[in-house]
Each structure stands twice: as C-alpha cells, then as structure tokens.
*Asks:* 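Mind looking over this structure? Questions follow.
A quick note: this is a predicted structure, and the numbers were derived from the prediction, not measured. Each chain gets a letter, A, B and so on, in the order the sequences are listed, and its residues count up from 1.
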Amino acid sequence: MFRSVTFEVVGEQRLNCGACEQRVTRLLKTLEGVGHVRAQAEAQRIEVLFDAAVLEPRRIADRLNEAGYETTVA
Amino acid sequence: MTTVASVEAAPHFWSEEPSSIPGRRRIRARIGGLHCSLCTGTIEKALGKRPGVNKIAVSLTHEQALIEYDPSVTRAEDLLQTLEDIGYTVSDPRKLRPFEEEERALVQERWRFLTALTMSIAAMGLVGYPVDSPWFPLCVFSIASLVALAFVVLRGYGTRMAVGGSALLAVFGTAIYYFQLRGTFGGAVPWTAGLFALIVTFGVGGHIVRMAYMALRRGILNQHVLVEFGAFAGLIGGAVGLALNPPEYPTVAFFSVAVMVLSYHIFSEWLSLIVKTRSSQAVKKLLDLEPDVAHVVRNGQEEKIPLQQVQIGELVRIRPGGRVPVDGEVVSGQSNVDESLVTGEPLPIEKRPGDRTVSGSLNGHGTLLVRATVIGEESFLRQVIRSVEDARALRPGVLHLVDRVLRVYTPIVLLTSAGATLFWLLMPMVSGAPPDLQRAMFAGLSVLVMGYPCAVGISAPLSIVRGAGEAAERGVLMRTGEAFQVLRRVRRVVFDKTGTLTEGQPALRETVTVTGNEETLLGLAAAAESSSEHPLARAIVEEAFRRGVPLHEVEGFEAVAGRGVRARLGNATLIVGSPAFLTSEAVDLQPVRARVAQLESQGLTVIGVAHDGALVGVLALGDALRQDAAETVRRLHAMGIQTSLITGDNEQAARHFARAAGIDDVHARVLPAEKATIIRTLQETTRVAMVGDGINDAPALMQADVGIAFGSGADIAIESADVIILNQRLSAVLDAHAVSGYSYRKIVQNVVLAFLFNGIGIPAAATGLVYPVWGMVAMAASVTTIFINSLWGRGAYFFGAIKTVGQQPLVPAGAKA
C-alpha cells in the first residue's frame with residue numbers, strides 16, 4: 001500500500017543545497033519500504049513515497065531526526 | 001577469538017595522525033557528498049554531540065574531516081558510522097591513494113622540468129654571442145621563450161610566484177649573458193657548460209637515459225633514443241672541444257644544446273603525464289569510491305566486512321538501495337532488484353526466497369538476506385573482469401602517429417650522421433688531400449644534435465589538451481589516445497539496447513484519456529495500483545508521486561495475477577489492468593481500440609483504467625528510445641558509418657527498438673562474453689566502436705577499437721571505455737567523432753611543423769658548416785609555432801591543465817547521481 005507523506009523542515013538545521021537534497025534522499029532510501037524521495041531545499045520540504053504496509057511515517061521522521069532535521073508533517 | 005581476527009582484518013577507512021594531547025587520537029577521513037559550507041556545520045554538530053569527541057575540523061575544499069577523540073570513550077568506527085548515519089559517504093583510502101600518488105609524480109616532474117629549464121637559460125647565456133653578431137637576436141629570443149615557458153609553469157604556484165620567478169630567471173639569464181660577454185668567467189665557461197650538460201643528462205634526466213637504453217636493447221627507435229643520441233652527440237662534441245681546444249670551436253654551444261634538447265624533452269614528458277593523469281582522474285571521479293563491503297550476519301550479529309572476506313554459505317544482508325555484493329540465493333525477504341546493468345532486462349525483477357541474485361545488480365525497496373553461493377573467481381563480476389582482460393589482450397593495437405614517423409625518421413637521422421662523417425673523411429682523399437677530421441666529426445655530431453625534433457614530443461599532447469577541452473565542453477570525456485586517433489576511422493558503431501539506445505527505465509510513456517483529464521486518469525490508476533507489487537504498478541505510482549497527484553485511499557483491493565487489479569473507491573469500483581482484463585470485466589474499449597493496438601506495436605505495455613464500469617483512459621508504459629537515437633543513427637549512416645544493435649534482451653524487443661532507431665543489424669539474447677566475440681567478428685572487416693553502459697557491455701567496450709560508455713553506467717563499463725558520455729545524449733557519439741577528426745588533423749599539422757625545422761636543419765648540418773646554436777634556435781622556433789597552432793584562441797585549456805598540478809585532487813562527491 002503506497003502512501004505519500006510530506007515533511008516540512010522546521011528545526012535549526014535546514015536543507016542548504018543540492019548536496020543536502022541528495023544526502024537526505026540517499027539516507028531515506030536505505031529505509032525498507034521507501035520508494036521515492038523528493039527533497040527540496042527551496043521549499044524546505046521532503047516528500048516521501050512509501051509502502052505503508054512495511055513502514056510508518058513516524059519511522060521516516062525518526063530517521064530524519066537522527067540526521068539532525070526536525071520536521072513536522074505538512 | 002574470531003571477532004578479534006575480523007576486527008583486525010577490517011579495512012580502515014581513515015588515516016591516523018599524532019595528537020598533541022596525550023591520550024587522544026586524531027583521525028582523518030575523506031567524505032563524499034559535501035558541497036556547501038553549511039554542510040560542514042552539519043557534520044561538526046553531529047560529531048560534536050558524540051561523547052569523547054573533543055575537536056572536529058571539516059574542510060570543504062579538501063572534502064575531509066579531522067577528528068580528535070578520546071579512544072577510551074569512543075571508537076573511530078563509531079564516529080564514521082555517525083557520518084554515514086547522517087547521510088555522508090566515507091571514501092575508501094585505498095581507492096583514493098592513486099589520486100595522491102599521481103599528483104605527487106606530477107609535482108616531481110614539474111621540479112625536474114624547472115631545474116632543467118633554469119640550466120637551459122644559464123647555458124644559453126653562456127653561449128653568449130656578441131651584440132653585433134647576427135646570432136644575438138636569436139639568442140635573446142631563445143632565452144625569452146624559455147622565460148615565458150617558466151612563467152606558464154610557475155602560474156600553478158600563483159600569479160605572484162609566476163611573475164617573481166620568471167623575472168628572477170630573466171635577470172639570471174641576462175646577468176650570465178652580460179658577464180659572459182665581459183669575459184668575467186674566463187676559462188671556466190666551457191667547463192661550467194659541461195657540468196650543466198652532465199647534470200641534466202645523468203642527474204635530472206637520468207631516467208630518460210635508462211628508458212632509451214631499454215628501448216635500444218629491444219631494437220626500438222623511439223623519442224627517448226633519438227633525444228639521447230642528440231644529447232650524447234652534444235656531450236661528445238663538447239668533450240672534444242675541451243680536450244683538443246681547436247680554434248673557433250663551439251665547445252659551449254655543444255654542451256648547451258644537450259641541455260636544451262633534454263629540457264624540451266622533459267617538458268614534453270611532463271605534459272604527456274599531465275594529459276594522461278588528468279584523463280584517468282576524470283574517469284576515476286565517475287567511479288564509486290565507497291568501500292567494497294558486505295553486511296554479513298554471523299551468529300545473529302550483522303558485521304560489515306570487506307567483500308573479499310565473504311565465505312561461501314555465509315548470510316549477507318542487502319539493504320534497500322544497496323548494490324548486490326554476491327552471487328547467491330535469497331533466504332528471506334522480498335524486494336525488486338534492478339538487473340538492467342547486468343542482463344539488459346529493463347524491468348526490475350521481483351526476488352523472493354529461493355531466487356538467485358547476481359553481483360552488481362541494484363536492490364530496490366526491500367531488504368534481502370542472501371546466502372552466498374559463489375565467491376571469488378567464479379562470481380559473475382569476476383568472470384566479466386576476466387573477459388575484459390581477454391578482450392584487452394585481443395584488441396587490435398594502435399601505433400601512435402609519432403611512433404610511426406619516428407620508425408622511419410630515426411634511422412634516416414642516424415644514417416645521415418654516419419654518411420656525413422664518412423663523406424668528409426673520404427671526400428678529401430679523392431683529391432689526394434688528408435681527411436678533414438674536424439669537419440667530419442663536426443658534421444656527424446651536428447646532424448645528431450639537429451636530428452631531434454624536440455617539438456614532436458609536445459605535438460600530440462598539446463592537440464589532445466585542446467581536443468579534450470573541446471570534447472568536455474560538449475559533455476564528452478575523451479580518455480585515451482585511441483579515442484583521438486581511431487574514432488575518426490571507425491566504420492561501424494555497435495549499440496547496446498537497454499540504457500544506451502533506450503532510456504533503460506520502465507516509465508509512463510503515453511496516456512490516452514476518454515473521460516476526464518490526464519491527472520484524474522493517473523490518480524485513479526495510482527490509487528488502485530498503490531497496493532500492487534508489480535514493477536509496472538510501481539512505475540505508475542511513482543509517476544503520480546512525481547507529478548504531485550494525490551493518492552486516494554482504496555478498499556477491497558484484489559489482484560488478478562498477470563492481468564490487473566480490482567478495488568473500491570468510495571462507492572464505485574475501480575478496474576485497472578490489461579485491455580483483455582478490462583474487456584472480460586465488461587468494460588467497452590471500442591473508443592481506444594486502434595490507439596491501443598498502435599501503442600502495443602511500439603513495444604509498450606498498455607494498462608486500461610475503468611471507474612464505475614466506464615473507461616477513463618489507458619496508460620502506456622515501457623522503455624523508450626532515447627530522443628536523439630534515431631537522429632544519431634541517421635547521421636552516422638549519412639557519414640557512411642554502419643550500425644548494429646546488440647543486447648542480452650529478447651529478439652522481439654531488440655527488433656522493435658532496432659527498427660525504431662533505423663538499425664538493420666540485430667543481435668539478441670547475447671551473453672556478456674559473447675558480445676566481445678561478436679565485436680571481434682565485426683572487426684575482421686572494419687574498425688568498430690561499441691556504445692554501452694552495463695556490466696555486460698564491459699568486455700565488448702574493451703574489445704572494440706573504441707569503447708564509448710555512459711558516465712551513468714556501471715563502473716566496470718566506464719573503466720573499459722575510451723570515451724565517456726557525461727550528459728545523457730546519445731548524439732555525443734557524433735561530437736566525439738568530430739573532435740577525433742579535428743584533433744587528429746592538429747596532431748598531423750604539429751608533427752609536420754616539428755619535423756619541418758629539423759628537416760631544413762639536417763642537410764645543412766651534414767655540410768659540417770652549421771653551428772649547434774642553429775639547433776637551439778630551431779627548437780625554440782618549432783616549439784613556439786606548435787604552441788600557437790595547437791592552442792590559438794584556446795590557451796585556457798593549456799593553462800588550466802598546467803595550473804592544477806599539485807593542487808588537491810578533487811574527490812568525487814556522489815558523481816553517480
């Protein structure tokens with residue numbers, strides 16, 4: 001069951017550049033069940049397409065938090 | 001016990017440095033994925049939070065982190081794991097070492113050249129023709145050209161250093177010239193010049209003597225042999241002058257010409273090395289620099305170990321998005337695996353327990369636990385590497401233009417020298433006079449000194465500097481001499497199918513709407529397919545995500561294997577599947593019947609969408625020809641170049657895309673090793689270029705006269721290729737062809753220019769009346785002409801290449817995007 005979820009970066013650490021977008025994409029893709037990631041530094045948003053059968057949005061947020069990003073679901 | 005052993009054997013991805021604080025350790029690691037200065041703060045903060053860490057310095061330009069920590073509190077492994085957890089990659093120092101070694105070699109060669117150059121300027125000053133002599137302006141010109149060369153080389157150290165250094169050299173040269181004219185040095189002049197000649201020949205240029213000796217022993221007459229003949233002729237000529245001291249004898253000039261010949265040769269060697277190093281570094285930047293590791297599960301614990309240490313029967317965990325490290329059998333887990341770079345099959349393949357995995361393929365969204373069944377020499381990747389090596393050995397050789405010319409030219413010079421000596425020995429005897437010993441020796445030595453066309457060494461590298469620069473502007477990396485010399489003569493281009501002629505990704509290619517708009521159609525299809533595991537279903541959902549179409553929640557999902565899905569959206573039924581499935585569900589497909597047939601004939605898979613029993617539209621998915629594929633093939637044909645298609649995929653798919661691109665010659669269902677065999681067969685009649693991107697293309701890329709790979713392709717394909725396409729345009733093949741033709745013309749022009757000056761000089765020298773200073777002037781003139789011919793209007797390429805020597809080599813950051 002594919003779902004999409006959008007996170008907004010709210011903490012002190014922002015998505016600064018294209019490299020940050022790539023980095024966030026790469027680290028989320030190592031989560032089982034993540035299909036597609038679109039991180040946008042311009043909008044400070046991270047959209048994730050994921051398989052709801054194996055992954056909860058909570059875990060995606062945790063993973064982002066581990067990497068230093070504080071987020072809220074938009 | 002075993003754990004201790006494995007910890008010791010684990011690769012270190014950092015280097016250790018002494019710390020000023022006792023009890024602390026300091027490590028340095030190379031980081032990939034660093035781009036902006038704000039990123040450095042991210043790393044510093046993340047590592048700074050770790051207990052035991054007391055100092056961190058992250059350098060953006062050097063892409064490395066220096067960490068000082070307390071080893072009793074934390075471990076280096078854990079610190080680097082933190083870096084990986086926040087999404088950075090840590091590069092394998094063993095894969096980076098070549099970069100550093102190459103850079104050191106370049107810097108060393110630069111020193112060698114600067115030393116030789118300084119001595120050349122001094123030697124030229126010692127030759128010192130008086131101001132009223134006709135030689136005076138030529139001596140000044142030669143010194144000035146050497147100073148200009150020094151300026152260019154010193155620019156690598158910065159503008160101030162360049163201006164200061166070359167000014168110093170100019171003053172140095174002028175001073176020596178001035179004091180020489182005033183006779184300050186007196187009788188020491190020839191001895192000093194001789195000392196310079198000895199130092200340059202055996203000290204600074206000792207390695208050239210060795211290389212020339214090795215070549216001569218094998219009967220090869222190359223540039224090194226020729227330059228040493230010139231240099232030794234100068235040394236002998238000078239030595240004779242010192243020993244016998246004949247009147248009006250140019251002792252100093254003989255020594256000086258030896259110094260100059262070698263200086264130019266050292267310069268051309270350095271330039272070739274820069275060209276070679278830069279192109280190989282550009283290639284390495286495309287390769288994956290992350291360490292080759294496997295995550296093995298031992299006693300229920302996951303361990304990261306070097307790939308080579310994986311044993312048969314061990315369990316290896318493959319994470320989402322990771323590369324499959326071993327050939328094996330899936331024990332548990334489920335995932336779709338992209339094998340397109342391995343087999344040429346464009347659709348990802350669903351892997352379940354019992355299925356086999358191939359090393360080199362790319363894991364999708366799931367985690368797999370795989371039991372390694374084949375390792376080492378028998379694994380798929382190793383077999384491909386072996387085929388690449390076979391192909392390397394069987395590939396047709398190319399003799400470089402300069403070497404071809406030298407094979408004829410060198411014996412002519414040697415024979416002329418011997419002939420001139422004999423002539424002046426025997427000629428006077430005809431008229432009964434005693435043999436003119438001095439003139440005979442003078443003629444023989446002068447021919448050898450004049451014989452070395454020192455500009456020939458720079459003729460090819462300079463054209464390549466320019467050609468590579470122009471190719472790079474068009475997104476093409478020309479890597480080897482073959483690329484420049486052979487590509488223009490290729491008469492057949494062979495294309496791989498998946499990922500080369502086509503885009504290589506199954507994706508939504510076409511939509512046909514009956515009711516509503518495209519967004520509604522895609523939204524409904526994605527909603528129904530969001531629960532399906534089928535690769536095409538995923539392609540639909542991903543497309544909807546990409547376009548920002550919201551995914552509706554459906555209920556009562558039901559998949560009919562191989563045909564389609566049923567689901568309920570609100571109160572209405574949703575049917576998504578093959579046209580046949582929709583017809584069997586009593587959906588009327590009549591309005592789109594013709595269009596569906598047309599799309600299917602294009603090799604696309606058609607999926608219909610019905611909402612509440614009525615057809616909304618159809619979606620066509622599949623791989624597609626690259627946009628410029630047909631045009632590229634047409635233009636190749638127009639140039640009289642034939643084309644072929646070669647693929648591991650099935651006959652039907654191969655025929656379809658070949659027809660669409662306009663290619664007649666099709667080879668389908670070809671195994672990786674067979675691709676090289678087919679190329680070999682084609683090579684019996686003509687010169688062949690191969691274009692590919694996959695692991696399975698690597699042997700064929702190596703076998704072809706010119707291998708052309710996409711920079712987005714597999715590492716081994718990139719390493720096997722001569723030309724690398726960095727943008728995603730197939731038409732870059734045409735650009736590379738054009739650059740090859742242009743550069744080759746430049747090389748020919750340069751070689752002609754290089755030999756021209758010496759061609760005039762040799763017959764003149766054979767008369768025994770020409771002084772060695774002529775040789776120096778010829779050298780300075782021909783080098784200058786070739787510089788102008790090669791770089792006119794595009795000097796920046798050359799300055800850029802020289803300037804980067806010794807600067808921190810760039811470490812790629814996620815080059816494989």
*Asks:* Strictly below 4.0 Å, N to O, side chains only: are B:Arg319 and A:Glu32 in salt-bridge contact?
*Replies:*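 Judged by the 4.0 Å cut-off on N to carboxylate O distance, B:Arg319 and A:Glu32 do not form a salt bridge.
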*Asks:* Pick one of side chain, backbone, both or neither for B:Phe557, based on which atoms fall under 4.5 Å of a heavy atom in chain A.
*Replies:*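 Nothing of B:Phe557, per the 4.5 Å heavy-atom cut-off to chain A.
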*Asks:* Identify which part of A:Leu31 has an atom lying under 4.5 Å from any heavy atom of chain B, answering side chain, backbone, both or neither.
*Replies:*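 The backbone, not the side chain.
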*Asks:* Rounded to the nearest 0.5 Å, what separates atom OG1 in B:Thr89 from atom CZ in A:Arg23?
*Replies:*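 Interatomic distance, B:Thr89 OG1 to A:Arg23 CZ, rounded to 0.5 Å: 11.0 Å.
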*Asks:* To the nearest 0.5 Å, what is the distance between OG1 on B:Thr42 and CG on A:Leu15?
*Replies:*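 Reported value, rounded in 0.5 Å steps: 9.5 Å.
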*Asks:* Need one label for A:Glu21: side chain, backbone, both or neither, based on atoms under 4.5 Å from any heavy atom in chain B.
*Replies:*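 Contact with chain B involves no heavy atom of A:Glu21 at all.
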*Asks:* B:Ala46, B:Gly41, B:Pro320: which one forms the most heavy-atom pairs within less than 4.5 Å of chain A?
*Replies:*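 Going by pairs under 4.5 Å, I would pick B:Pro320.
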*Asks:* Can you check whether B:Arg546 reaches A:Leu49 side chain to side chain, under 4.5 Å on heavy atoms?
*Replies:*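 Sidechains of A:Leu49 and B:Arg546: no contact.
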*Asks:* So how far is it from B:Ile540 CD1 to A:Phe2 CZ, rounded to the nearest 0.5 Å?
*Replies:*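 The CD1 atom of B:Ile540 sits 12.0 Å away from the CZ atom of A:Phe2.
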*Asks:* Going from CD on B:Glu84 to CG on A:Leu27, what distance comes out if it is rounded to the nearest 0.5 angstrom?
*Replies:*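 Going from the CD atom of B:Glu84 to the CG atom of A:Leu27 covers 11.5 Å.
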*Asks:* Is any side-chain heavy atom of B:His365 closer than 4.5 Å to a side-chain heavy atom of A:Asp51?
*Replies:*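 Not in contact.
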*Asks:* Find out whether B:Arg538 and A:His36 are in side-chain contact, i.e. whether some heavy atom of one side chain is under 4.5 Å from a heavy atom of the other.
*Replies:*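 No, every pair of side-chain atoms sits at 4.5 Å or beyond.
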*Asks:* For B:Phe545, does its backbone N or O pair with a side-chain atom of A:Arg38 as donor and acceptor, under 3.5 Å?
*Replies:*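 Yes; judged by distance alone, with no hydrogens or angles, the pair exists.
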*Asks:* For A:Gln40, does the CD atom sit with more than 12 other heavy atoms under 6.0 Å from it, leaving out its own atoms?
*Replies:*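 For A:Gln40, atom CD is crowded (more than 12 foreign heavy atoms under 6.0 Å).
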*Asks:* Looking only at atom types and distance, does a side-chain atom of A:Arg63 sit under 3.5 Å from a main-chain N or O of B:Asp85, one as donor and one as acceptor?
*Replies:*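 Indeed, once roles are kept as given, a pair shorter than 3.5 Å links the two residues.
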*Asks:* Do any N or O atoms from the side chain of A:Arg26 and from the backbone of B:Gly87 form a donor-acceptor pair under 3.5 angstrom?
*Replies:*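 Flag set: sc A:Arg26 to bb B:Gly87 pair under 3.5 Å.
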*Asks:* Quick check on A:Arg3 against chain B: is it the side chain, the backbone, both or neither that has a heavy atom closer than 4.5 Å?
*Replies:*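 Answer is both: backbone and side chain atoms of A:Arg3 are under 4.5 Å from chain B.
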